[in-house]
Amino acid sequence: MPSVCLADFEVRAREQLSKTTWDFIDGGADEGITRDDNIAAFKKIRLRPRYLRDVSEVDTRTTILGEKVSAPIGISPTGFHTIACPDGEMSTARAAQAAGVCYITSTFASCSFEDIVAAAPGGLRWFQLYVQPDQQLNKQLVQRVESLGFKALVVTVDTPVVGNRRHDFRNRLDLKKNLMLTDLRSPRERNSIPSLQTSAPSPHFSWNGLSWFQSLTRLPIILKGILTKEDAELAVKHNVQGIIVSNHGGRQLDEVPSSIDALTEVVTAVNGKLEVYLDGGVRTGNDVLKALALGAKCVFLGRPILWGLACKQGEHGVREVLNILKNEFHTSMTLTGCRSIAEINPNLIQFSRL
């Protein structure tokens, strides 16, 4: 049977992947409360459609940081895509390019950044950085991705240590060991300079360190993992260009707000001074519409991309996931009377009492 929604991909991926791999992709921190809330919170929001509008033409196109995308849907940074299919991030990049959406490549991609760029040279790419304890390595990473044509630097802020992921502990999955084995140097550097110590993200990184990164690069800087108005206000103060409202898919600190529940607080705090995006729990076109109505400029997908990679062995599965969601979003816009992204607004939203 064909896959007609993202949930179909989830079922099939679970059947095809090993238990250890599935648990790594699916698992959340501690009791998984936030992971599950990310999805459940969307279902507490109802839509207020407007009818008798001419919706014969509906345009899902928009821009993020001035770059055109076919829809306000992108790919979140997740590591180790080769656990889902042999071509890993190269397949992901090709699918993103074909769909006309942004792909945020993880620091811990399992393909080299050079190979990812070569696989989809025309795609819109941002680079997600886990700040390393070694400043020289941070400098080399930032300069390397800028030279490769990445258009933004996405700094993950919610991972001073890796969250308490019980499934991985039970499966004896040593994530720290996997990170240590990742060689973040370029292919040329591997032959010419000594190995730099790759490690889990630095627990020392703070607001004071942002200016150093800003001095290194002309790339716009986006902070991923902001959940509160206080941190959103500090982001504005420190002159970053964007925020991704995110709780790391519920994989870091459990029992924090769902992403969609935290969104309004952050959007209100920044007051239009920078772009706000969201990841976490997006599974349907209605979810995309709800996030935009509450102020997100774009949403990003994490786990569903890995499901697509696993189900159709690569690019075709990811393309299908993206196309299904784009088509659902187009339908959601049409049925609520929104002919363009500009017409999506908070009046579409009603919070359920359930």
Side-chain angles (χ1 to χ4, degrees), residues 1-27 69-71 73-128 145 148-151 154 173 175 178 181-184 187 249 251 279 282-285 288 298-329:
M1 292 179 63
S3 297
V4 300
C5 62
L6 269 58
D8 289 346
F9 283 90
E10 180 179 13
V11 171
R12 293 184 180 186
R14 185 167 195 161
E15 292 170 349
Q16 293 185 33
L17 294 168
S18 71
K19 182 180 184 303
T20 298
T21 298
W22 174 257
D23 285 349
F24 172 68
I25 293 171
D26 187 59
V69 289
S70 66
I73 297 165
I75 299 178
S76 285
T78 51
F80 312 118
H81 284 197
T82 53
I83 65 173
C85 88
D87 277 352
E89 287 83 2
M90 293 186 289
S91 287
T92 306
R94 285 191 289 263
Q97 177 177 277
V101 301
C102 179
Y103 166 36
I104 309 177
T105 302
S106 170
T107 295
F108 295 114
S110 46
C111 302
S112 77
F113 308 138
E114 287 76 12
D115 286 345
I116 294 168
V117 171
L124 173 60
R125 289 175 304 278
W126 293 352
F127 178 73
Q128 176 268 335
V145 298
L148 286 169
F150 286 79
K151 297 297 186 182
V154 178
L173 178 66
L175 183 59
N178 287 344
L181 292 174
T182 304
D183 193 335
L184 297 179
R251 296 164 72 81
D279 80 1
V282 174
R283 299 292 183 267
T284 68
V288 181
C298 182
V299 303
F300 291 87
L301 300 178
R303 291 181 180 94
I305 299 303
L306 291 162
W307 303 341
L309 283 173
C311 286
K312 298 292 179 75
Q313 280 300 297
E315 175 188 350
H316 298 295
V318 178
R319 287 180 68 174
E320 200 169 332
V321 164
L322 292 170
N323 286 336
I324 285 172
L325 194 62
K326 285 169 64 177
N327 289 336
E328 286 183 357
F329 176 57

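FYI, side chains are in, hydrogens and waters are out, and symmetry mates aren't considered; it's all heavy atoms of this structure. Here the structure is a predicted model, which is why all the values come from computation and not from measurement.
Put simply, the side chain of Arg125 gets close to the backbone of Ala120: a donor and an acceptor are under 3.5 Å apart. At distances below 3.5 Å, not a single donor-acceptor pair connects side-chain atoms of Arg14 with backbone N or O atoms of Asp26. In this structure a side-chain-to-backbone donor-acceptor pair under 3.5 Å is present from Ser110 to Thr82. A donor-acceptor pair under 3.5 Å is absent between the side-chain atoms of Gln128 and the main chain of Val154, judged by distance alone.
Considering all non-hydrogen atoms of both residues, Asp279 and Phe300 come closest at CB-O, 3.2 Å. Of all non-hydrogen atoms in Gly308 and Phe9, the two that sit nearest each other are CA-CD2, 4.0 Å. Considering all non-hydrogen atoms of both residues, Lys151 and Leu124 come closest at CG-CD1, 3.6 Å. In terms of heavy-atom proximity, Thr105 sits nearest to Ile116 at CG2-CD1, 3.7 Å.
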Side-chain atoms of residues 317-324: list all donor-acceptor pairs with protein atoms under 3.5 Å, sequence neighbours left out, distances to 0.1 Å.
from   : atom 1 : to     : atom 2 : distance (Å)
Glu320 : OE1    : Lys312 : NZ     : 2.6
Asn323 : ND2    : Arg319 : O      : 3.2

Show the atom names and distances, to 0.1 Å, of all donor-acceptor pairs under 3.5 Å that link a side chain in residues 96-103 to residues at least two apart or in another chain.
from  : atom 1 : to     : atom 2 : distance (Å)
Gln97 : OE1    : Gly122 : N      : 2.7
Gln97 : OE1    : Gly123 : N      : 3.0

Criterion side chain to side chain contact (heavy atoms under 4.5 Å, CB included) on Leu301 and Ile75, from CA distance to verdict = CA-CA 5 Å; Leu301 300 178; Ile75 299 178; 5.7 Å; no
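Salt bridge annotation for Asp87-Arg94: present, with a cationic side-chain nitrogen under 4.0 angstrom from a carboxylate oxygen.
Under the side-chain hydrogen bond (donor to acceptor under 3.5 Å, both in side chains) criterion, Asp8 pairs with no residue at all, not counting sequence neighbours.
Remark: Arg12 CZ is packed, more than 12 non-hydrogen atoms of other residues, nucleotides or ligands lying under 6.0 Å away.
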